[in-house]
Peer 1: 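Let me give you the structure first, and then I'll get to my questions.
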Protein chains: 2
Amino acid sequence: MSERDTRGELLDLAEKLVRTRGYNGFSYRDLAGQIGIKTASVHYHFPTKGDLGEAMVENERELFARNLARLDAEEKDPQRRLERFIQLFQASTIGCDNRMCLGAMLAVEQETLPEPVRRAVLRLFEHNEAWLAKVLEEGREQQTFRFKGPADGAARFVFSALEGALLMARAFRDVGRFEAATRWIIESLSD
Amino acid sequence: MSERDTRGELLDLAEKLVRTRGYNGFSYRDLAGQIGIKTASVHYHFPTKGDLGEAMVENERELFARNLARLDAEEKDPQRRLERFIQLFQASTIGCDNRMCLGAMLAVEQETLPEPVRRAVLRLFEHNEAWLAKVLEEGREQQTFRFKGPADGAARFVFSALEGALLMARAFRDVGRFEAATRWIIESLSD
DNA sequence: GTCTATAAGATGATAGAC
DNA sequence: GTCTATCATCTTATAGAC
């Protein structure tokens with residue numbers, strides 16, 4: 001991880017702020033104040049806010065890769081893998097200060113972001129969807145999942161439904177909404 | 001509508017800006033510049049940005065009520081009503097400059113909003129869900145929809161899945177993603 | 001790496017004239 | 001209703017000392 005040095009602290013705090021307040025909802029002043037340094041020092045680590053944004057998404061992509069590699073190693077059953085993915089998604093969002101998904105927050109604000117950040121977000125989404133497609137296809141071969149068409153389509157549906165469930169659960173500050181939605185999603189794959 | 005007077009123009013422009021750039025992604029300066037007046041004049045119509053936010057959501061709630069009343073009058077079949085609702089949702093979002101749903105955009109930024117705006121957004125969501133629940137229940141009674149448990153739960157699922165589909169389709173700037181998701185949603189109600 | 005100092009511009013907002 | 005003028009504050013960012 002990258003938590004002990006100032007750069008890592010800044011990255012973590014910035015991520016928290018983006019995920020609760022949005023990219024345009026925090027400033028270098030907030031970062032500096034909460035960490036106890038001056039804004040000039042923040043600029044030393046991340047010259048522009050765009051640099052900070054890119055680093056955050058890159059960080060998230062690595063975390064995602066590590067988490068899913070571990071998940072693949074620990075769990076072989078497709079249904080269980082999907083459930084664990086959803087747990088991971090929930091624990092890092094509504095389960096953590098009612099945060100939004102980093103990619104979703106940035107995607108929503110895409111028009112105000114530097115292009116490299118926007119592209120990094122799309123790559124992050126694609127990695128998520130690719131992992132889901134793999135798990136769903138395995139599950140279909142083992143008859144635990146049932147759906148029509150390419151697994152990509154199912155993966156896109158599952159991921160987008162999770163993002164929507166998060167958005168609404170977070171709006172109402174009601175984890176129950178998220179959990180209810182996940183039951184609908186899983187059930188729609190096993191009719 | 002409210003398009004001919006300055007207040008109406010401001011409301012429309014502000015809504016467009018919120019739905020493309022977010023509440024924190026535009027300023028009174030943007031409004032004034034694009035309409036051709038000064039920021040002081042904007043403050044005459046909406047003393048604070050919070051007032052503007054409230055008025056926008058109120059405006060949207062009225063539009064929503066009018067649209068759905070018309071839809072109820074024009075269409076009786078539950079399946080067709082749901083499809084028309086989705087068309088309406090699509091046409092006013094990705095179908096319109098790749099805009100986000102107003103409620104979703106504001107919900108995502110909730111932590112930075114005045115409380116009255118946040119509460120207005122929740123009411124808007126609840127109205128959408130209530131209409132959907134009514135349609136879904138009718139459809140179940142007529143055997144066109146099939147789902148378990150209270151219609152409220154199904155309505156929440158449908159609405160959150162639509163919001164998620166919009167979020168992802170807008171991120172990738174690909175209407176096809178939205179349309180594919182709607183097919184999954186409708187199909188999950190008729191297995 | 002962190003600081004002080006500073007910049008140029010943006011932001012939400014108000015007072016008061018026309 | 002719209003303007004000019006002005007506000008205090010915030011925002012991202014840089015130069016240069018320690």
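Below, read A as the first sequence line, B as the second, and so on, with proteins coming before strands; counting in each chain starts at 1.
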Peer 1: Rounding to a whole Å, what distance do you find between B/H43:NE2 and D/dT6:C1'?
Peer 2: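 Value for this atom pair: 13 Å.
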Peer 1: Are the side chain of B/D174 and the backbone N or O of B/R170 linked by a donor-acceptor pair below 3.5 Å?
Peer 2: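 No, because the side chain of B/D174 does not come within donor-acceptor range (under 3.5 Å) of the backbone of B/R170.
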Peer 1: Could you tell me whether A/R7 and A/D5 have a side-chain N and a carboxylate O separated by less than 4.0 Å?
Peer 2: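 Salt bridge absent between A/R7 and A/D5.
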Peer 1: Listing request: all ring-ring contact (aromatic ring centres under 6.0 Å, His included) pairs with a residue in residues 148-191 of chain B, at least two apart in sequence or in separate chains.
Peer 2: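 Sorted result for residues 148-191 of chain B: A/F157-B/W184, A/W184-B/F157, B/F125-B/F159.
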Peer 1: Filter on ring-ring contact (aromatic ring centres under 6.0 Å, His included), then keep only pairs touching residues 42-70 of chain B, sequence neighbours left out; what's left?
Peer 2: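 Only B/Y28-B/H43 qualify under ring-ring contact (aromatic ring centres under 6.0 Å, His included).
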Peer 1: Which class fits the ring pair B/Y23 and B/F26: parallel under 30°, tilted 30 to 60°, perpendicular over 60°?
Peer 2: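 Correct class here is perpendicular.
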Peer 1: What's touching nucleotides 1-3 of chain C from the protein side, N or O pairs under 3.5 Å?
Peer 2:
from	atom 1	to	atom 2	distance (Å)
C/dT2	OP1	A/T6	OG1	3.0
C/dT2	OP2	A/H45	NE2	2.7
C/dC3	OP2	A/K38	N	2.8
C/dC3	OP2	A/S41	OG	2.8

Peer 1: Expected output is a numbered-order residue list: members of residues 22-30 of chain B with a heavy atom under 4.0 Å from any atom of DNA chain C. What is it?
Peer 2: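 Under 4.0 Å from DNA chain C: B/F26, B/S27, B/Y28, B/R29.
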Peer 1: Any heavy-atom pair between the side chains of A/E163 and A/C101 that's under 4.5 Å?
Peer 2: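 Yes. Closest side-chain heavy atoms under 4.5 Å.
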Peer 1: My understanding is that only residues two or more places apart in sequence, or in another chain, count here; which of them pass salt bridge (Lys or Arg N to Asp or Glu O under 4.0 Å) with B/R156?
Peer 2: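 Residues passing salt bridge (Lys or Arg N to Asp or Glu O under 4.0 Å) with B/R156: none at all.
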Peer 1: Quick one: list whatever passes side chain to side chain contact (heavy atoms under 4.5 Å, CB included) with A/P116, sequence neighbours left out.
Peer 2: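 Side chain to side chain contact (heavy atoms under 4.5 Å, CB included) list for A/P116, sorted by chain: A/E54, A/P114, A/R119.
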Peer 1: Nearest whole angstrom, please: distance from the P of D/dT11 to the CG of A/L31.
Peer 2: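 Result: 11 Å.
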